[in-house]
Engineer: 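Dumping the structure here so I can ask a few things about it.
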Amino acid sequence: MKEEKEKKVKKVVRKTSKKEIVKPEKRTLSFSLVEMVVIIIVVSLIVSVFSGFLVFKNYNYFSNITSQTSKDTNNKKLNEFIELYEELKNKYVEDLKGDELLDAATKGMFDYLDIYTNYLDVDTTTDLQDRLNGEYKGIGVEITNNEEGLVEIVTVFPNTPAEDVGLKPKDLIISINGESMIGKTSSDVANAIKGNTSLKYITLVYRREGNDKEVKIDLSKVIIPSVESKVLEENIGYLKLTTFSNTTYSQVEKELNKLENNNIKSLIIDLRDNTGGYLQAARDISELFVDRGKIIYQLKYRDGRIEKIESISPNNRNYKVVVLINEGSASASEILALALKENYGATLVGKRSFGKGTVQDTSILSNGSMIKYTSAYWLSPSGKSINGVGIEPDIEVDLTKNGDSQLDKAIETIK
């Protein structure tokens, strides 16, 4: 992925309550053919991870798993796992489903690796894909479950069907196409809105200030905004990036052209709290400023091989650039910040960045879930690694409670 980065995906950890152990009566163990096939596949996956094959870039996670593992080791691990599986599934004090145990085993396998290597369930995968693709078929809202457990609209994106019918933040979603959404999760509501791709519109009931209202909303392609711009004092352009999705480059190009048509003399690029996203997006945006032939970043693989990624586009910009970073600036944000600093002479203002110097690839599994695994380290144009360290700004500024002291310093610096 972008590279991934995406916001960071949290690992799923199954919590179990401590209960008194009671030995039940002896049961007869039996498994269907499907269960045995699934068990064999998952155990093979576990063994393959310890063999180290997962970290290869673009490695097909499920191809030839069994053939990559020695027969003796495979048989031993398989027998051990089946024994554990049988004991837990048949003797645990509470009724356990086999697929839940297998899911837990899969998640545990990823817990063994670095924090950026994750197993994502179907809902989490869908949310991440929407965010990183930068577009989806829907109505154009962000939703969450509020303290009362109701699904509440958090954000209404501009120029979307939701905005057209007058939906606003804080509105509660009560029903969709006649089905009550009371007691549903935000994922349930999202699936009800965009799960059926054949639908052209939905009928939605929302509650505002105690009053319910029904609206008919068209379903259309929604571009998730990830860039905003404005002209500040003394013709200083301001460009804020919230993520690096598939549509971020086109949005940056559009907003940058608008700023330049308004005769900006300098530019502030705000990457604060931007946790990253697609590596290609960071590369494309860097090429708007980095001269052809100059290195944007480097990739270091497990075998020590280093790949240098150079700009292939000409650059005709020469105005002053300041980049705002903070503790939430990570991954693709750090790549862009260092590319502009080392190749364009940009000044970095704010606080030390997060320090994520790794690249992740992804694979979608047959059931719609995803694995995201670290495949390489990235280095700055000069070969510097910031992994676990972050980027030290040229001018360090704490953010004050009142106003935006970091932006104020950036404006002062760029004048």
Engineer: Closer than 3.5 angstrom, by distance alone: can the side chain of D291 be matched with the main-chain N or O of K294 as a donor-acceptor pair?
Structural biologist: no
Engineer: D270 side chain to K240 main-chain N or O, any donor-acceptor pair under 3.5 Å?
Structural biologist: no
Engineer: May I ask you to decide if E135's main-chain N or O and N133's side chain share a donor-acceptor pair within less than 3.5 Å?
Structural biologist: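 Not at all, since once roles are kept as given, no pair shorter than 3.5 Å links the two residues.
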Engineer: Please test Y249 against Q280 for side chain to side chain donor-acceptor pair (under 3.5 Å), starting from the C-alpha separation and ending with a verdict.
Structural biologist: CA-CA 9 Å; Y249 169 75; Q280 186 64 47; over 6 Å; no
Engineer: When you compare the side chain of L399 with that of D404, does any pair of heavy atoms fall below 4.5 Å?
Structural biologist: yes
Engineer: Would you check if T275 and S333 make a side-chain contact, meaning some heavy-atom pair closer than 4.5 Å?
Structural biologist: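 No, every pair of side-chain atoms sits at 4.5 Å or beyond.
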Engineer: Using the side chain to side chain donor-acceptor pair (under 3.5 Å) rule, take S245 and T243 through it: C-alpha gap first, then chi angles, then the decisive distance, then the call.
Structural biologist: CA-CA 6 Å; S245 71; T243 191; 6.0 Å; no
Engineer: Just do the side chain to side chain donor-acceptor pair (under 3.5 Å) check on E334 and S353 with the steps written out, would you?
Structural biologist: CA-CA 7 Å; E334 294 171 300; S353 64; 2.7 Å; yes
Engineer: Check the surroundings of atom NZ in K351: do more than 12 heavy atoms from other residues, nucleotides or ligands lie under 6.0 Å from it?
Structural biologist: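 Yes, the 6.0 Å shell around NZ holds more than 12 heavy atoms from other groups.
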Engineer: More than 12 foreign heavy atoms under 6.0 Å from CZ of F157: is that the case here?
Structural biologist: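 Counting neighbours around CZ of F157, more than 12 heavy atoms of other residues, nucleotides or ligands fall under 6.0 Å, so yes.
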Engineer: For residues 173-180, which side-chain donor-acceptor pairs fall under 3.5 Å, sequence neighbours excluded?
Structural biologist:
from, atom 1, to, atom 2, distance (Å)
N177, OD1, T203, N, 2.9
S180, OG, I182, N, 3.2

Engineer: So does K137 have more than 12 non-hydrogen atoms from other groups sitting under 6.0 Å from NZ?
Structural biologist: yes
Engineer: Assess whether atom CG of N402 is packed by more than 12 heavy atoms of other residues, nucleotides or ligands within 6.0 Å.
Structural biologist: no
Engineer: I223 versus Q251: any side-chain heavy-atom pair under 4.5 Å?
Structural biologist: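 Contact flag for I223/Q251 side chains = yes.
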Engineer: Is the shortest side-chain heavy-atom distance between L338 and Y297 below 4.5 Å?
Structural biologist: no
Engineer: Hey, is the main chain of K372 close enough, under 3.5 Å, to the side chain of T362 for a donor-acceptor pair?
Structural biologist: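 Checking the backbone N and O of K372 against the side chain of T362, no donor-acceptor pair under 3.5 Å is found.
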Engineer: Report, as yes or no, whether the 6.0 Å neighbourhood of atom OH on Y201 holds more than 12 heavy atoms from other residues, nucleotides or ligands.
Structural biologist: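 Result for OH/Y201: open.
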Engineer: Please name the residue in the list L256, I264, L259 that meets the side-chain contact (heavy atoms from CB on, under 4.5 Å) test with S229.
Structural biologist: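 Of all the options given, the one that passes is L259.
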Engineer: Applying the side-chain hydrogen bond (donor to acceptor under 3.5 Å, both in side chains) test to Q360, which of T374, D114, N118, T117 qualifies?
Structural biologist: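 Of all the options given, the one that passes is T374.
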Engineer: Between V322, T347, V349, which is the residue that forms a side-chain contact (heavy atoms from CB on, under 4.5 Å) with I414?
Structural biologist: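 Exactly one candidate clears the test, V322.
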Engineer: For D130, enumerate each residue passing the side chain to side chain donor-acceptor pair (under 3.5 Å) test, keeping only those at least two apart in sequence or located in another chain.
Structural biologist: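 Scan of D130 (side chain to side chain donor-acceptor pair (under 3.5 Å), adjacent residues dropped) gives K194.
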Engineer: Check whether any side-chain heavy atom of I217 lies under 4.5 Å from a side-chain heavy atom of I193, and answer yes or no.
Structural biologist: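 With C-beta onward as the side chain, the pair stays apart.
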Engineer: I'd like to know if the side chain of W378 reaches the main chain of I386, judged simply by a donor and an acceptor atom lying under 3.5 Å from each other, with no hydrogens or angles considered.
Structural biologist: no
Engineer: Side-chain contact test, heavy atoms from C-beta onward, threshold under 4.5 Å: evaluate it for R305 versus K300 and give yes or no.
Structural biologist: no
Engineer: The test is side chain to side chain donor-acceptor pair (under 3.5 Å); show your working for D408 and S405 and say whether it passes.
Structural biologist: CA-CA 5 Å; D408 292 340; S405 55; over 6 Å; no
Engineer: Tell me, yes or no, whether the heavy-atom count around K415 atom NZ, taken from other residues, nucleotides or ligands under 6.0 Å, exceeds 12.
Structural biologist: yes
Engineer: Is there a side-chain contact between Y206 and I153 in this structure, where contact means two heavy atoms from C-beta onward sitting under 4.5 Å apart?
Structural biologist: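 Contact flag for Y206/I153 side chains = no.
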Engineer: Do side-chain atoms of E152 reach the backbone of I143 as a donor and acceptor pair under 3.5 angstrom?
Structural biologist: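 Pair absent, no side-chain N/O of E152 close to backbone of I143.
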